[in-house]
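Keep in mind the model is a prediction, meaning the values are calculated, not measured. Order of listing sets the numbers, starting from 1, for every ligand and every atom in it.
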Amino acid sequence: MINPEQFRFFSTLVKESSGIALTKGKEYLLESRLNELARVLGMKDINELYKKAKFNPTPKLKEQIIEAMTTNETYFFRDQHPFEALKSNIIPELIEARKSKKQLKFWSAACSTGQEPYSIAIILEEHFPNIKTWRREIIASDISQQAIDKGKDGRFTQVEVNRGLPIQLLIKYFKQQGAFWMIDPKLKKMIRFKKLNLMGPLIGINNIDVIMCRYVLIYFDQDTKKAILNKLVKVLNPGGYLFLGATETPVGLPTNMKRRTFGRATCWQKT
Ligand SMILES: C[S@@+](CC[C@H](N)C(=O)[O-])C[C@H]1O[C@@H](n2cnc3c(N)ncnc32)[C@H](O)[C@@H]1O
């Protein structure tokens, strides 16, 4: 059983490095995830992990602890409505607005294993052949290197492709290889995966037209959320859009962001 000092130590480490706030009541979650990590690392239990992390830490171990505490739940076209809004309203509007620059930039800011950025890529490929010659860029970033590596691989299990992906899109954009489904290389080429911690500087991220930052701010406290929202808005082009998760409130969003609704999707547009 994890003791209060161990809980304080690990939750501080995770909060300071990733923003993820493990408040009281999350002892069980922390304990079960870190016991599993200890097992994978060949340690006896969480006590041994605690001693190593406290008295003999390495950057790698710190990273592994944070990875263990991330929740990577995701699926294709999650919640549907945001993707419907992209297809029917937002991308057509942005194409008109950017027609002289011929450039559209998307950023999936906590992309997990890639289902979100691949959903954007499928929409572009499927519905907007008229901008094939444009500079279409999808940046996909996450704090978890494991998640990024899996996204880059573009290799999904049957269970993963069964979640959210219509069968006709599965057949069109994936190839079955043994027990896995490999995504079409041309979709892979549209996405630039990179490891990025939203708590740090947003290196290489600028002039974005659409940011999807969904189901990650829920893990942060109010101050961290506010600081991150401010950073996100700074890298957004005027007229650009921000999507949060359906259950997430934009507390602390700068006043230059106006709420917009498209069908059942809600997002915020930079004025
Ligand atoms: C629940 S998933 C959401 C994935 C996707 N956006 C979706 O809506 O399906 C949350 C992701 O946030 C990532 N994450 C947590 N803290 C982060 C941070 N400080 N910077 C970047 N990503 C972070 C996790 O690794 C995880 O992959």
**Report entry** atom 23 (C) of ligand 1 - nearest protein heavy atom and its distance
**Finding:** I143 CG2, 3.4 Å
**Report entry** Interatomic distance, K15 atom NZ to F220 atom CZ [nearest 0.5 angstrom]
**Finding:** 10.0 Å
Report task. Decide, yes or no, whether a salt bridge links E5 with R8 under the criterion of side-chain N to carboxylate O below 4.0 Å. Result -> yes
Query raised in the report: Is there a salt bridge (Lys or Arg N to Asp or Glu O under 4.0 Å) between E125 and K172 once you walk through the steps?
Result: CA-CA 11 Å; E125 195 59 26; K172 191 163 173 188; over 6 Å; no
**Report entry** E63 vs K60, salt bridge (Lys or Arg N to Asp or Glu O under 4.0 Å): CA-CA, chis, key distance, verdict
**Finding:** CA-CA 5 Å; E63 217 175 281; K60 173 90 182 145; 5.2 Å; no
**Report entry** Donor-acceptor contact present, side-chain E116 to main-chain T74, <3.5 Å
**Finding:** no
**Report entry** Best match, L244, I66, T71, N197: closest heavy atom to atom 18 (C) of ligand 1
**Finding:** N197
Query - Region of F220 engaging ligand 1 - heavy atom pairs below 4.0 Å - result: side chain
Requested in this report: Would you check the N or O atoms of S18, main chain and side chain alike, for any that come under 3.5 Å of an N or O of ligand 1?
Outcome: yes
Query raised in the report: For ligand 1, which atoms sit closer than 4.0 Å to a heavy atom of E116?
Result: 5 (C), 6 (N), 7 (C), 8 (O)
Query raised in the report: Can you tell me the protein heavy atom closest to atom 7 (C) of ligand 1 and the distance?
Result: R78 NH1, 3.2 Å
Report task. Can you pull out the closest protein heavy atom to atom 13 (C) of ligand 1? Residue, atom name and distance to 0.1 Å, please. Result -> D142 OD2, 3.3 Å
Query raised in the report: What part of R214, side chain, backbone, both or neither, has a heavy atom within less than 4.0 angstrom of ligand 1?
Result: both
Report task. Could you tell me whether K51 and E48 make a salt bridge, using a distance below 4.0 angstrom between a side-chain N and a carboxylate O? Result -> no
Report task. Give the atoms of ligand 1, by number and element, whose distance to some non-hydrogen atom of S112 is under 4.0 Å. Result -> 4 (C), 27 (O)
**Report entry** Part of T70 with heavy atoms under 4.0 Å of ligand 1, whether side chain, backbone, both or neither
**Finding:** side chain
Report task. Have a look at ligand 1 and work out which part of T113, if any, has a heavy atom under 4.0 Å from it: side chain, backbone, both or neither. Result -> neither
Requested in this report: Please tell me if the side chains of L49 and Q6 come closer than 4.5 Å, counting only heavy atoms from C-beta onward.
Outcome: no
Query - Proximal atoms of ligand 1 relative to A110 (non-hydrogen, under 4.0 Å) - result: 3 (C), 4 (C), 5 (C), 6 (N), 11 (C), 12 (O)
Query raised in the report: To the nearest 0.5 Å, what is the distance between OG1 (T247) and CG (D79)?
Result: 8.0 Å
Query raised in the report: So which heavy atom in the protein is nearest atom 15 (C) of ligand 1, and how far is it from that ligand atom?
Result: V216 CG2, 3.7 Å
Report task. Provide the number and element of each atom of ligand 1 under 4.0 Å from a heavy atom of L196. Result -> 20 (N), 21 (C)
Query raised in the report: Salt-bridged, E96 to K99, with N to O below 4.0 Å?
Result: yes
Query raised in the report: Can you tell me if Q269 uses its side chain to pair, donor with acceptor, with the backbone of K258 under 3.5 Å?
Result: no
Report task. Please write down residue, atom name and distance for the protein heavy atom closest to atom 20 (N) of ligand 1. Result -> L198 N, 2.9 Å
Query raised in the report: So, the side chain of S17 versus the backbone of V14: is there a donor-acceptor pair under 3.5 Å, distance only?
Result: no
Query raised in the report: What protein heavy atom sits nearest atom 9 (O) of ligand 1, and how far away is it?
Result: T74 OG1, 2.6 Å
Query - Location of contacts on A147 toward ligand 1, heavy atoms closer than 4.0 Å - result: neither
Query raised in the report: Considering distance alone, does some N or O of Y215 sit under 3.5 Å from an N or O of ligand 1?
Result: no
